[in-house]
Amino acid sequence: MAFTPETNTIIMFLMMFIGIFSGYQLAFVLSGVGLLYGVFLFGLSYINTLTMAFFNVMQNYVLLAIPLFVLMGNIMQDSGAGKKIYDGFYVLLGKLNGGLLLTTNALATLFGACTGVVGASVTTVGTLSLPAMMERGYDKKLAAGMICAGGCLGVLIPPSIMIVVYGPIAGISVGGLFMSVMTAGLILSAFYMVYTAIRCNKNPNLGLPISEENREKAIKEIGLKGIVFSIIPPLFIMIAVLGSIFFGIAAPTEAAAVGVVASIILGLAYKNFHIKDLKKSLEGTLITSSMILTMSVGAIIFISTFNSLGGIGVVSRFILGLPFGKWGIFLLMFIVTAILGMFLDWIGIVYLVVPLFTPIAAELGFNPLWFATMMILFLQFSYLTPPFALAVFYFRSISPPEFTTGLLYRAVVPFIIIQVIVFLLLTTFPGIVLWLPNMMS
């Protein structure tokens, strides 16, 4: 029985959403719908698509960077690098109003560059900074909002796993995307700093500075050498990984391997990384990488079927035919992404919308690298927007009972507003995120 491409498109989307809202894992929903509908349309020989999808993922050289970057982040986390970084920033910034909030943001920015995974950043930053802020009477909402929002910077500060996944799907250089998204991430981090500093200077009770006595005690315990050693090596790893990509010395995959070796050396230098820690890091890497790569297989099967029946053309013609104009369609694509972000993880969103929206954006005349950067920046919203606010749930797992879900939802609102402001800024002035990739070219 033959259907029109429009009918096939509607049926496949309905099957996908029924599977998702029935509680099944998205990877299995995508592969199941794609495979079953493909067999229905093209016969049993279409089952070979499953084998081909696994081989495509296994042979994709760019995706090899995923387990390497995840391993690098796990080693940095398990070696105690987060605590070292926090101790250094604690001494440097703790004397200011809201100093521990600024320390938290600085730690999140630097640690995000070491891990590239939001869950690791939120839990590590929260575990290290929340007790210190609560002990000194910091405002709960401001502290929680900073930890959740700062932890999300791991999406934007390379090496971000989202960028490694996004680049091949959109057909964009991962190295160039690293540079453009890093600029957006650092701008967002700076906005968080400015917002926190203004609020705490207007109302010092929101975040009182540490006493001179405690600061001197911390300096005595850590020492000047300890302060330098806690901040410079992780920063050096970040610069080494990104610098090798920027100057064309290494591709992202080779740079990821260098990052793994450097993180192991750093862990050994801290004298806090042993065989059991390496085993834990490897196990965590296996779990995370398997989840992402299995999602890749499911997405390839779904998109292959969807494309074979003409679905991408149907969606493209429908969106381009809307009477909204260039910027109206741009806004519509991001509204759809925001709605999906309330219910789905970023991996599912990337595999669903990028193959559909990338050719539409190119047709509308948007710079592919700039559009991808804006999409990644917008996808970060999904970590903070209810009800599927992953950063909030990560924070809940390490916070005391008085940090209710309702309080956390209210806590992240100012930071969501800041993200919207930065999004509008970079939409108005696209050259801000393109100048570094242009230099790289």
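Source: prediction; values computed, not measured.
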Applying side-chain contact (heavy atoms from CB on, under 4.5 Å) to Phe302 and Val29, what does each step give before you reach the verdict? CA-CA 9 Å; Phe302 183 88; Val29 171; over 6 Å; no
Evaluate the criterion side-chain contact (heavy atoms from CB on, under 4.5 Å) for residue pair Leu156 and Met182; output intermediate values, then yes/no. CA-CA 6 Å; Leu156 302 175; Met182 179 180 68; over 6 Å; no
Trace of the side-chain contact (heavy atoms from CB on, under 4.5 Å) decision for Val181 with Leu377: CA-CA 8 Å; Val181 176; Leu377 176 62; over 6 Å; no
What do the steps show when you test Val122 against Tyr383 for side-chain contact (heavy atoms from CB on, under 4.5 Å), and what is the final call? CA-CA 11 Å; Val122 172; Tyr383 281 100; over 6 Å; no
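The closest side-chain heavy-atom distance from Val413 to Ile417 is below 4.5 Å. Side chains of Ile301 and Leu30 form no contact here, defined as non-hydrogen atoms less than 4.5 Å apart. Side-chain contact between Val336 and Phe357: present, with at least one pair of heavy atoms (C-beta onward) separated by less than 4.5 Å. Taking the side chain as every heavy atom from C-beta outward, Pro355 and Ile169 approach each other to under 4.5 Å. Using a 4.5 Å heavy-atom cutoff, the side chains of Leu107 and Thr104 are not in contact. No side-chain heavy atom of Thr373 sits under 4.5 Å from any side-chain heavy atom of Leu426. No side-chain heavy atom of Met179 sits under 4.5 Å from any side-chain heavy atom of Val433. Contact of the Gln419 side chain with the Leu384 side chain is registered, since non-hydrogen atoms from C-beta on lie closer than 4.5 Å.
How far CE of Met52 is from CD1 of Ile47: 15.0 Å, rounded to the nearest 0.5 Å. Note that CG of Leu41 is 11.0 Å distant from CG of Leu36, once rounded to the nearest 0.5 Å. To the nearest 0.5 angstrom, Lys140 atom NZ is 7.5 Å from Leu407 atom CG. Between Ile329 atom CD1 and Phe324 atom CZ the span is 8.0 Å, to the nearest 0.5 Å. Considering CD of Gln380 and CZ of Phe415, their distance stands at 12.0 Å, rounded to 0.5 Å. Between atom CZ of residue Phe17 and atom CZ of residue Phe13 there is a gap of 6.5 Å, rounded to the nearest 0.5 Å.
Counting non-hydrogen atoms of other residues, nucleotides and ligands closer than 6.0 Å to CZ of Phe54 gives a total of 12 or fewer. Within a 6.0 Å sphere centred on CG of Leu424, other residues, nucleotides and ligands contribute more than 12 heavy atoms. The local environment of NZ in Lys326 is crowded, with over 12 non-hydrogen atoms from other residues, nucleotides or ligands closer than 6.0 Å.
With ring centers used as reference points, Phe371 lies under 6.0 Å from Phe334. Ring pair Phe40/Tyr37: centre-to-centre distance below 6.0 Å.
The shortest non-hydrogen separation linking Gly150 to Tyr192 is N-CE1, 4.4 Å. The two residues Thr337 and Met375 make their nearest non-hydrogen contact at OG1-SD, 3.6 Å. Annotation for Cys148 and Val412: closest pair CB-CG1, 4.0 Å, computed over non-hydrogen atoms. Minimum interatomic distance between Ile264 and Ile75 (heavy atoms only, all atoms of both residues): CG1-CD1, 3.5 Å. Taking both residues in full, the closest heavy atoms of Leu369 and Pro437 are given as CD2-CB, 3.5 Å, listed atom of the first, atom of the second, then distance. Closest approach of Ala143 and Met134 over heavy atoms only: CB-CE, 4.1 Å.
Judged as a side-chain contact (heavy atoms from CB on, under 4.5 Å), and not counting sequence neighbours, the contacts of Trp327 are Phe330, Phe366, Trp370, Thr427. Under the rule for a side-chain contact (heavy atoms from CB on, under 4.5 Å), the partners of Thr285 that lie at least two apart in sequence or sit in another chain are Pro67, Val70, Leu71, Asn74, Ser289.
Listed for the Ser31 side chain is a donor-acceptor partner under 3.5 Å among the backbone atoms of Phe28. A distance-only check finds a donor-acceptor pair linking the side chain of Arg396 to the backbone of Phe403 [under 3.5 Å]. Under a 3.5 Å cut-off, the side chain of Ser263 and the backbone N or O of Val260 do form a donor-acceptor pair.
Side chains of Asn105 and Ser189: a donor-acceptor N/O pair is present below 3.5 angstrom, by distance only. Using modelled atom types and a 3.5 Å distance limit, the side chains of Thr305 and Tyr46 yield a donor-acceptor pair.
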